[in-house]
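Everything numeric here is computed off the predicted structure, so don't read it as measured data. Below, read A as the first sequence line, B as the second, and so on, with proteins coming before strands; counting in each chain starts at 1.
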Amino acid sequence: MKFAVIVFPGSNCDQDMYHAVKEVIGEEGDLVWYQDSNLENYDAILLPGGFSYGDYLRSGAIAANSKIMEQIKLHAAKGKPVLGVCNGFQILTEAGLLPGALLRNKGLSFMCHQEEIIVENNETLFTSGYQVGEVLRLPIAHGEGNYFCDQETLRELEKHNQIVFTYRTNPNGSTANIAGIINRAGNVLGMMPHPERAVETLLGSNDGLLLFQSIIRNWRESYDATNARI
Amino acid sequence: MRKVTVFITLKQGVLDPQGNQVQESLQSLGYNVVQDVRIGKYIELLVEDGPDLEVRIQEMCDKLLVNPVMEDYYYEVKEDVHS
C-alpha cells in the first residue's frame with residue numbers, strides 16, 4: 001500500500017507520519033511537497049500536523065485553498081482513505097471535506113500531553129482493529145483543537161455514527177467531547193490526537209499502531225475482493 | 001481602485017475564550033461596566049474597481065477570508081483610491 005504524506009510550508013509532523021508508515025508499519029510512502037500535485041498513484045493520503053502557513057488567517061485555511069487540495073478532494077471522492085491529524089484535521093474542515101471547525105482551546109493555552117481517547121465507532125476503515133469503548137493513550141499537541149459545530153450538524157454526526165473518537169476528559173472545550181470525526185462516506189477521518197506519535201512503546205504508547213494497521217488491512221481486503229472479481 | 005474593509009466576527013454562540021480573558025482583564029483594571037468582549041478581525045483590501053466588484057468581494061469572503069461555520073462578516077467599499 002502506498003501512502004502520500006502531504007507537506008505544506010509549516011507542516012511539522014510530516015516526518016513522524018512518514019516514519020510511522022514507512023519504518024514502523026513497513027509500507028511504501030512518500031513525503032509529497034504540496035506543489036507536486038500528482039497523487040494518482042497513491043492509495044491513501046495523510047495530512048500531518050503542524051502549522052501550515054503559520055496558521056495565518058485561520059489554522060488550515062490557506063492550505064485548504066492550495067492547489068493540491070483539488071487532487072485530495074478528487075482522491076476522497078473516489079472513496080480512497082484520507083487521514084488528517086491535528087493541523088490535517090483543521091485543513092479538512094476548512095476544505096469542507098469534514099463538517100464543523102476547530103476553535104481556540106477553551107483555556108487558551110497550547111496543550112501538549114497524553115490524553116485518554118475513547119473509540120466510539122469501530123466500523124470504519126481506520127478503526128476496525130479497535131473495540132468500541134476501548135481507551136487509547138494518544139498525545140495531543142494543539143492550541144486550536146476545540147471542535148465546534150452547530151446543534152443540527154451534531155445531530156447529523158450522531159445519527160450517522162460519524163463521531164469516531166472522544167476525549168474521556170475534555171481538554172479543550174470540544175463539542176460533545178469530540179476528538180475525531182469521519183465523513184458520511186466513511187473514507188475521510190480527521191482527528192486532533194496524534195496516532196503517528198504513538199506507534200512505539202519506547203515513546204510512551206503504541207495505541208496508534210492499530211489505526212494504521214486497520215487502514216492497510218481494509219485496503220488489502222478490498223484490493224483482494226476487487227481482484228477476485230476480475 | 002477601491003478600498004474594501006471586511007469585518008469578521010465570531011458567530012453568536014461560538015465561545016470566544018480570548019474575549020472572555022480580555023473582559024476579565026478589563027474588569028481587573030476596574031472597568032466593571034464591561035459586560036461582554038468579543039474579538040474579531042478587520043481586513044483591508046485594495047481592489048480594482050469593476051461592475052462585479054461586490055460579487056468578487058463576497059466570493060473572496062466565502063472561499064477564504066471567512067469560515068461560515070464559526071464566523072459572520074460584513075464589508076464596506078470605500079472611496080476611490082488613486083494609485
Assess whether atom [atom1] of [X] is packed by more than 12 heavy atoms of other residues, nucleotides or ligands within 6.0 Å.
X: A:K78; atom1: NZ; value: yes
X: A:K106; atom1: NZ; value: no
X: B:Y42; atom1: OH; value: yes
X: B:E48; atom1: CD; value: no
X: A:R184; atom1: CZ; value: no
X: B:F7; atom1: CZ; value: yes
X: B:Q27; atom1: CD; value: yes

Under 4.5 Å heavy-atom distance to chain B, tell me which part of A:N105 shows up: side chain, backbone, both or neither.
-> backbone
Heavy-atom distances under 4.5 Å only: say whether A:L103 touches chain B with side chain, backbone, both or neither.
-> side chain
Expected output: side-chain B:K63 to main-chain A:N65 donor-acceptor under 3.5 Å = no
Give a yes or no on whether the backbone of B:L65 and the side-chain of A:R58 come within a donor-acceptor separation of less than 3.5 Å.
-> yes
Atom group of B:K11 that falls short of 4.5 Å from chain A, counting heavy atoms =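 It is neither, since no heavy atom gets under 4.5 Å.
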Does any heavy atom of chain A fall under 4.5 Å from the side chain of B:I43, the backbone, both, or neither of them?
-> side chain
Out of A:G100, A:A61, A:P99, A:G173, which one racks up the most heavy-atom pairs below 4.5 Å with chain B?
->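 When all of A:G100, A:A61, A:P99, A:G173 are compared, A:G100 has the most.
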What pair of heavy atoms forms the shortest contact from A:A101 to B:M70, and how long is it?
-> CB-SD, 4.1 Å
B:L10, B:V69, B:L15 screened by side chain to side chain contact (heavy atoms under 4.5 Å, CB included) with A:F148, the one that passes = B:V69
